[in-house]
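Working notes, beginning with the structure itself.
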There are 2 protein chains.
Amino acid sequence: MKLEEAKLQFIQAWGKLGSEWGINRTMAQVHALLLITPESLTTEEIMESLSISRGNANMTLRDLMGWGLVEKQLKPGERKEYFYADKNTWNIARQVAKERRKRELDPVIKILDELSKVEGNSNDPAYKTFHKSVKDINKLAKNVDKTLETMLKAEESWFWGSVLKVFK
Amino acid sequence: MKLEEAKLQFIQAWGKLGSEWGINRTMAQVHALLLITPESLTTEEIMESLSISRGNANMTLRDLMGWGLVEKQLKPGERKEYFYADKNTWNIARQVAKERRKRELDPVIKILDELSKVEGNSNDPAYKTFHKSVKDINKLAKNVDKTLETMLKAEESWFWGSVLKVFK
DNA sequence: TTAAACTTTCAATAATTATTGAAAATAAAA
DNA sequence: TTTTATTTTCAATAATTATTGAAAGTTTAA
């Protein structure tokens with residue numbers, strides 16, 4: 001396989017995986033493109049490479065910056081903006097974990113905490129089942145939360161070293 | 001908050017979380033409904049509870065069985081089918097992990113393995129960057145894969161005991 | 001058999017989500 | 001200033017994904 005073809009396949013695969021996990025396909029593709037590009041790119045170049053409109057490119061790049069995955073670079077003497085993606089995979093994983101935790105896990109834990117407090121008659125099977133499910137899911141969510149918390153602070157080698165040793 | 005209201009909120013929250021993670025909202029809601037219901041329910045009852053059509057209920061239930069989260073029960077002497085969800089949260093987490101791994105992670109690893117093999121000129125920055133990114137992501141994906149593999153075999157208390165102790 | 005009770009399918013439609021493109025806004029240069 | 005380069009916004013539109021509902025299929029009972 002030739003490099004150019006491989007690049008396209010990588011961008012496709014990344015886009016597909018993203019969309020299966022609730023991340024906008026274009027966003028995943030732009031990220032993929034920047035990941036395999038040594039230099040930073042302009043909006044124009046990204047539009048061209050992926051055949052997307054200026055509006056789409058602009059919004060997607062802003063989203064990626066909001067996720068902390070891409071940063072803007074200004075070159076002295078140049079007017080246009082360049083975009084660059086951090087290539088450190090561990091940073092990327094951490095950043096994604098951090099954002100999804102904040103955006104999705106934390107709100108759900110808040111609701112589960114509320115729902116855990118709901119009182120009812122413990123002879124009522126409907127209440128018992130509700131309460132048990134909510135409590136158990138809440139506990140699981142909190143364990144995930146704690147683990148992510150630790151992961152966010154950890155160094156990659158230490159993290160995988162520990163995990164894979166424990167689970168060997 | 002009253003139990004009935006709490007149930008609705010739970011179903012809503014579960015549906016929202018599901019859709020943010022690429023799982024059909026209705027599927028997550030049907031699952032949530034079955035999770036908090038002590039008995040098994042008929043298609044009719046599910047349609048009614050969630051105000052969805054027969055076709056939608058039918059397909060969603062089949063999907064949930066495909067994910068291994070819901071099972072069909074046949075009651076002696078009765079013609080209609082009843083649906084029941086496993087209430088064990090750890091089983092649910094494992095089952096979801098197992099399916100997503102099979103459906104999404106494994107195919108991606110396969111592609112990354114292919115792309116890792118692509119050869120090129122190591123003086124070419126485009127090639128170097130491509131190769132490094134693919135290799136690093138591949139490694140990360142494989143670590144996740146191994147960890148899931150272990151999780152699938154593990155008992156809940158042992159798993160969290162180990163993880164939270166290591167990361168304390 | 002035939003009918004009744006139920007389940008499945010799937011084309012049509014609706015709802016949601018993503019994308020475009022052109023106008024408005026901004027910022028530097030002339 | 002005014003012009004030019006660039007970015008941003010957002011209503012309109014397109015693409016995708018989910019849902020309906022009624023017809024066809026299946027299974028058991030009469």
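Every heavy atom of this structure was used, including side-chain atoms; hydrogens, water molecules and symmetry mates were not. Lettering of chains follows the sequences in order, A, B, ..., and the numbering in each one begins at 1.
- The phosphate of C:dA27 (OP1 or OP2) has no side-chain N or O of A:R79 nearer than 4.0 angstrom.
- Close to C:dT7, at under 4.0 Å from its OP1 or OP2, lies no side-chain N or O of B:N58.
- Straight-line distance from the CG atom of A:L64 to the C1' atom of D:dT7: 17 Å, rounded to whole Å.
- Going from atom CE of B:M27 over to atom P of D:dA18 covers 11 Å, rounded to whole Å.
- Atom NZ of A:K80 is separated from atom C1' of C:dA27 by 15 Å (rounded to the nearest Å).
- A:Y127 places a side-chain N or O within 3.5 Å of a backbone atom of A:V118 that can act as its donor or acceptor partner.
- At whole-Å resolution of the value, CD in B:E78 and P in C:dT7 are 11 Å apart.
- Straight-line distance from the NZ atom of B:K72 to the C1' atom of D:dT26: 12 Å, rounded to whole Å.
- When the side-chain nitrogen and oxygen atoms of A:T26 are compared with OP1 and OP2 of C:dT19, one or more of them lie within a distance under 4.0 Å.
- Heavy-atom distances to DNA chain C give each of A:S53 and B:M59 a nearest nucleotide, and the one nearer the 5′ end belongs to B:M59.
- Linking Ile, Leu, Val, Met, Phe, Trp and Tyr whenever their side-chain heavy atoms come within less than 4.5 Å puts A:V96 and A:F83 in one cluster.
- Below 30°, between 30° and 60°, or above 60°: for A:W21 and B:W21 the angle between ring planes is above 60°, a perpendicular geometry.
- Protein atom CG of B:N56 is 16 Å distant from nucleotide atom P of D:dT17, rounded to whole Å.
- Between B:R62 and the phosphate of C:dT8, there is a side-chain N or O to OP1/OP2 separation shorter than 4.0 Å.
- The CG-P distance, from B:N24 to C:dT16, rounds to 12 Å in whole Å.
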Problem set entry | Test salt bridge (charged side-chain N to carboxylate O under 4.0 Å, His left out) applied to A:K80 and A:E78, step by step | CA-CA 6 Å; A:K80 51 179 174 293; A:E78 287 217 51; 3.7 Å; yes
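- Considering A:L35, A:T37, A:V30 in turn, A:T37 is the only one that fulfils the side-chain contact (heavy atoms from CB on, under 4.5 Å) rule with A:L33.
- Straight-line distance from the CZ atom of B:R25 to the C1' atom of C:dT17: 13 Å, rounded to whole Å.
- Residue contacts shown for A:T60 are absent, as no nucleic acid heavy atom lies under 4.0 Å away.
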